[in-house]
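So you know, we letter chains A, B, ... as the sequences are listed, proteins then strands, and number each from 1.
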Amino acid sequence: MVTRPRMLRLQEQPTDFARRLEGRRIAGTARHGKHLLVGLDGGVTWIIHLGMSGRISVADGAAPAPAHTHVTVELDDGSEVRFTDPRTFGYTVALLDDELDAAPYARYGPDALAAPPSVAVLTDRLDRRTAPIKALLLDQRLLAGVGNIYADEALFAAGIAPHRKGGDLDAGELERLLAAIDETLTAGIAAGGTTLEDLAYLLPDGRAGEFTTALRAYGREGEPCVRCGGSIRRDVIRNRSTFWCLGCQR
DNA sequence: ACCTCCCTGGCC
DNA sequence: GGCCAGGGAGGT
């Protein structure tokens, strides 16, 4: 059941969503960057992107659904999958195999955790790029899975200033950055993600993610840097808040 | 390659 | 009453 058509905005024919899911068996699940992939038999992939405030839960169909539940998929055992998303930046779509190979999905870069590029490949991709590395990290075509908070944290861990032009980073810096991305995402996942004060992001069971307490740059404007004691500053890069340390990120 | 817009709850 | 946060599609 779909009570918010906007959540299906990537489905070319909105009626395709229910039609493509109905009667199919879930064969497996996977993740690519920020996309959750539910493989169904018959060559259909059910894609879910949680945006920033999305939540997926599975519950007995008789139990009341949380507020802002916009899409509900009934399973044959009487339970249902619920997609809850107050801000509706998330979306879901059911695609056929050939549609997966088309834009915009085909443009997605390798998963930042499962298949990160080598330093050599990254060097090549960043060659002559003049955009700030912060903006490039958010470009899912280069690397899929790094969002605003984790980009700032990874750049902090690597000691690289967010304004640096992508093409200016040397091999040593890119090696540090790749290691920092891996460490940051791994730690973030282990902690259950980052729940900010607005409580927009919550785990499926409603608990808050605990990476918030591990943040060293994001959201700490004016606070002392835990590494060098300098002051964390906030800049806006490509209309995104960017927190970094002037003292130890170069 | 860049900016704008979408959306909502919470806070100033 | 207005602003802000987030990801990404689409337009210039």
Side-chain angles (χ1 to χ4, degrees), chain A residues 2-14 31-37 47-56 65-71 83-93 95 99-100 102-112 125-155 162-168 181 184-185 188 192-203 206 208-209 211-212 215 217-222 232 234-244:
Chain A
V2 178
T3 52
R4 199 57 117 81
R6 170 175 154 79
M7 301 300 284
L8 290 186
R9 60 194 180 279
L10 266 68
Q11 192 86 57
E12 203 165 337
Q13 297 291 335
R31 180 188 61 75
H32 185 102
K34 301 173 185 177
H35 289 107
L36 307 178
L37 309 171
I47 297 180
I48 297 161
H49 191 307
L50 298 176
M52 75 156 296
S53 59
R55 233 187 313 163
I56 285 288
H68 307 289
T69 297
H70 306 308
V71 179
F83 191 177
T84 305
D85 186 3
R87 294 186 192 169
T88 72
F89 270 36
Y91 57 80
T92 188
V93 62
L95 295 179
E99 294 170 331
L100 270 176
Y105 316 98
R107 293 203 306 254
Y108 273 73
D111 183 84
R125 294 292 310 275
L126 293 179
D127 184 42
R128 288 190 289 271
R129 296 292 298 267
T130 58
I133 186 63
K134 165 67 185 284
L136 294 167
L137 285 179
L138 296 180
D139 184 345
Q140 305 296 297
R141 295 169 297 184
L142 189 66
L143 195 67
V146 179
N148 196 46
I149 295 170
Y150 295 97
D152 282 4
E153 291 301 306
L155 286 167
H163 306 83
R164 293 278 304 282
K165 294 176 182 172
D168 285 351
I181 290 169
T184 303
L185 293 180
T194 308
T195 297
L196 302 177
E197 283 184 9
D198 63 6
L199 301 182
Y201 161 76
L202 294 169
L203 288 154
F211 195 63
T212 324
L215 297 175
Y218 186 89
R220 303 182 61 110
E221 181 179 16
I232 299 293
R234 173 185 180 270
D235 287 333
V236 175
I237 297 179
R238 294 282 208 279
N239 292 325
R240 289 281 179 264
S241 275
T242 300
F243 298 89
W244 64 293

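The base of C/dA9 does not come close enough to the side chain of A/R9 for any donor and acceptor atom to sit less than 3.5 Å apart.
Distance, A/I47 CD1 to C/dG8 P: 12 Å, rounded to whole Å. Remark: P of C/dG6 and NZ of A/K34 are 11 Å apart, rounded to the nearest angstrom. One atom, CG of A/D85, and another, C1' of B/dG9, lie 12 Å apart when rounded to the nearest Å. In this structure, A/L196 places its CG atom 17 Å from P of B/dG9, rounding to the nearest Å. For A/Y108 and C/dG7, the OH to P distance is 11 Å, given to the nearest whole Å. Across the protein-nucleic acid pair, A/R238 atom CZ and B/dC5 atom P stand 17 Å apart, rounded to whole Å. The distance between atom CE of A/M52 and atom C1' of B/dC7, rounded to the nearest whole Å, is 11 Å. The distance between atom CG of A/L199 and atom C1' of B/dG9, rounded to the nearest whole Å, is 10 Å.
Residues A/R234 and A/S241 bring a donor and an acceptor atom of their side chains to less than 3.5 Å of each other.
Taking only side-chain nitrogens and oxygens, A/Y91 never comes nearer than 4.0 Å to OP1 or OP2 of B/dC7. Under 4.0 angstrom from either OP1 or OP2 of C/dG7 there lies no side-chain N or O belonging to A/R141. The phosphate of C/dA5 (OP1 or OP2) has no side-chain N or O of A/S53 nearer than 4.0 angstrom. Phosphate contact (OP1/OP2 of B/dG9, side-chain N/O of A/H68, threshold under 4.0 Å): present. At the phosphate of C/dA5, neither OP1 nor OP2 sits under 4.0 Å from any side-chain N or O atom of A/Y201. Here A/H49 reaches the OP1 or OP2 of C/dG8: one of its side-chain N or O atoms lies under 4.0 Å away.
Two residues are said to be in side-chain contact when any heavy atoms from C-beta on lie closer than 4.5 Å; A/L126 and A/L142 meet this criterion.
Nearest to the side chain of A/N148, among B/dC2, C/dG6, B/dA1, sits C/dG6. Counting only heavy atoms from C-beta on, A/L10 has its side chain closest to C/dA9 among C/dG8, C/dA9, C/dG6. When distances are taken from the side chain of A/F89 to each of B/dA1, B/dC6, C/dA5, the shortest belongs to B/dC6. Counting only heavy atoms from C-beta on, A/N239 has its side chain closest to B/dC3 among B/dC3, C/dG7, C/dA5.
Dense packing is recorded around CZ of A/R9, with more than 12 heavy atoms of other residues, nucleotides or ligands lying under 6.0 Å away.
Screening A/Y150, A/Y201, A/Y218 for a side-chain hydrogen bond (donor to acceptor under 3.5 Å, both in side chains) with A/T194, the sole residue that qualifies is A/Y150.
When each of A/A131 and A/R6 is assigned the nucleotide of DNA chain B bearing its nearest heavy atom, the one mapping closer to the 5' terminus is A/A131.
At least one donor-acceptor pair closer than 3.5 Å links the side chain of A/Q140 to the backbone N or O of A/V146.
Backbone-only engagement by A/S241 is indicated by non-hydrogen atom pairs under 4.0 Å involving sugar-phosphate atoms exclusively.
With respect to the salt-bridge test (charged N to carboxylate O, under 4.0 angstrom), the residues A/D198 and A/R87 qualify.
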